[in-house]
**Q** 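Mind looking over this structure? Questions follow.
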Amino acid sequence: MINQALGYYLDLIDKKLCLRGNAVVRRIEAVCAGDWERVEFLEQMMLKPLGHQIYYLSEKLLELLKKEGK
């Protein structure tokens, strides 16, 4: 059971990190193009939420590992 949960959280974190990486590349392209509206959109609608999601999933993973260690 613990292995399934670990795999689940690690998979989700990996997916969120890939999405964040893609958003960073798109943000860099927008900065280079001088499209500041798009930069703001990417920061507010993608980068910040993904950062929060990654943090949340990491906390859940840490809780799971602490429970397993007891």
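Residue indices begin at 1 and follow the sequence shown. What you are looking at is a predicted structure, and each value in this text was computed from that prediction instead of being measured.
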**Q** Rounded at 0.5 Å granularity, tell me how far CG in D14 sits from CG in L19.
**A**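 Answer for the CG-CG pair, D14 versus L19, is 9.5 Å.
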
**Q** Rounded to the nearest 0.5 Å, what separation is found between the NZ atom of K16 and the CD1 atom of I54?
**A**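 If we round to the nearest 0.5 Å, K16:NZ and I54:CD1 are 8.0 Å apart.
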
**Q** Could you state the interatomic distance from CG (L50) to CG (N22), rounded to the nearest 0.5 Å?
**A**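 Result: 10.0 Å between the selected atoms.
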
**Q** Count I, L, V, M, F, W, Y as connected when their side-chain heavy atoms are under 4.5 Å apart, and connections chain through other members. Are L62 and I13 then in the same cluster?
**A**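 No, because L62 and I13 fall into different hydrophobic clusters, even though each may have its own neighbours under 4.5 Å.
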
**Q** So does E37 have more than 12 non-hydrogen atoms from other groups sitting under 6.0 Å from CD?
**A**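 No.
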
**Q** Shared ILVMFWY cluster between M46 and V31, side chains joined below 4.5 angstrom?
**A**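 Per the 4.5 Å side-chain linkage, M46 and V31 are not co-clustered.
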
**Q** So how far is it from S58 OG to L10 CG, rounded to the nearest 0.5 Å?
**A**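 Going from the OG atom of S58 to the CG atom of L10 covers 9.5 Å.
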
**Q** Could you check R26 against R38 for side-chain contact (heavy atoms from CB on, under 4.5 Å), going step by step and ending with a plain yes or no?
**A** CA-CA 9 Å; R26 290 169 54 189; R38 184 155 180 79; 3.1 Å; yes

**Q** Less than 4.0 Å between a side-chain N and a carboxylate O, is that true for E43 and R27?
**A**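 E43 and R27: salt-bridged.
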
**Q** As an exercise, state the distance from NZ of K60 to CG of L65, rounded to the nearest 0.5 Å.
**A**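 So the gap between those two atoms works out to 13.0 Å.
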
**Q** Quick check: do M45 and E40 have side-chain heavy atoms less than 4.5 Å from each other?
**A**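 No, side chains not in contact.
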
**Q** Please name the pair of heavy atoms, one in L42 and one in A23, separated by the smallest distance, quoted to 0.1 Å.
**A**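 Here L42 and A23 meet closest at CD1-O, 4.3 Å.
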
**Q** Is it true that V25 and V39 fall in one hydrophobic cluster, defined by side-chain heavy atoms closer than 4.5 Å?
**A**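 In one cluster: no.
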
**Q** For residues Y55 and E59, determine if any side-chain heavy atom of one lies less than 4.5 Å from a side-chain heavy atom of the other.
**A**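 SC-SC contact between Y55 and E59 confirmed.
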
**Q** What heavy-atom pair brings L47 and V24 nearest, and what distance separates the two atoms?
**A**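 Scanning both residues completely, I find the closest heavy atoms to be CD2-CG2, 3.8 Å.
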
**Q** Look up atom CD1 in I2 and atom CG in L64, then write down how far apart they are to the nearest 0.5 Å.
**A**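 Spacing of CD1 (I2) from CG (L64) equals 3.5 Å.
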
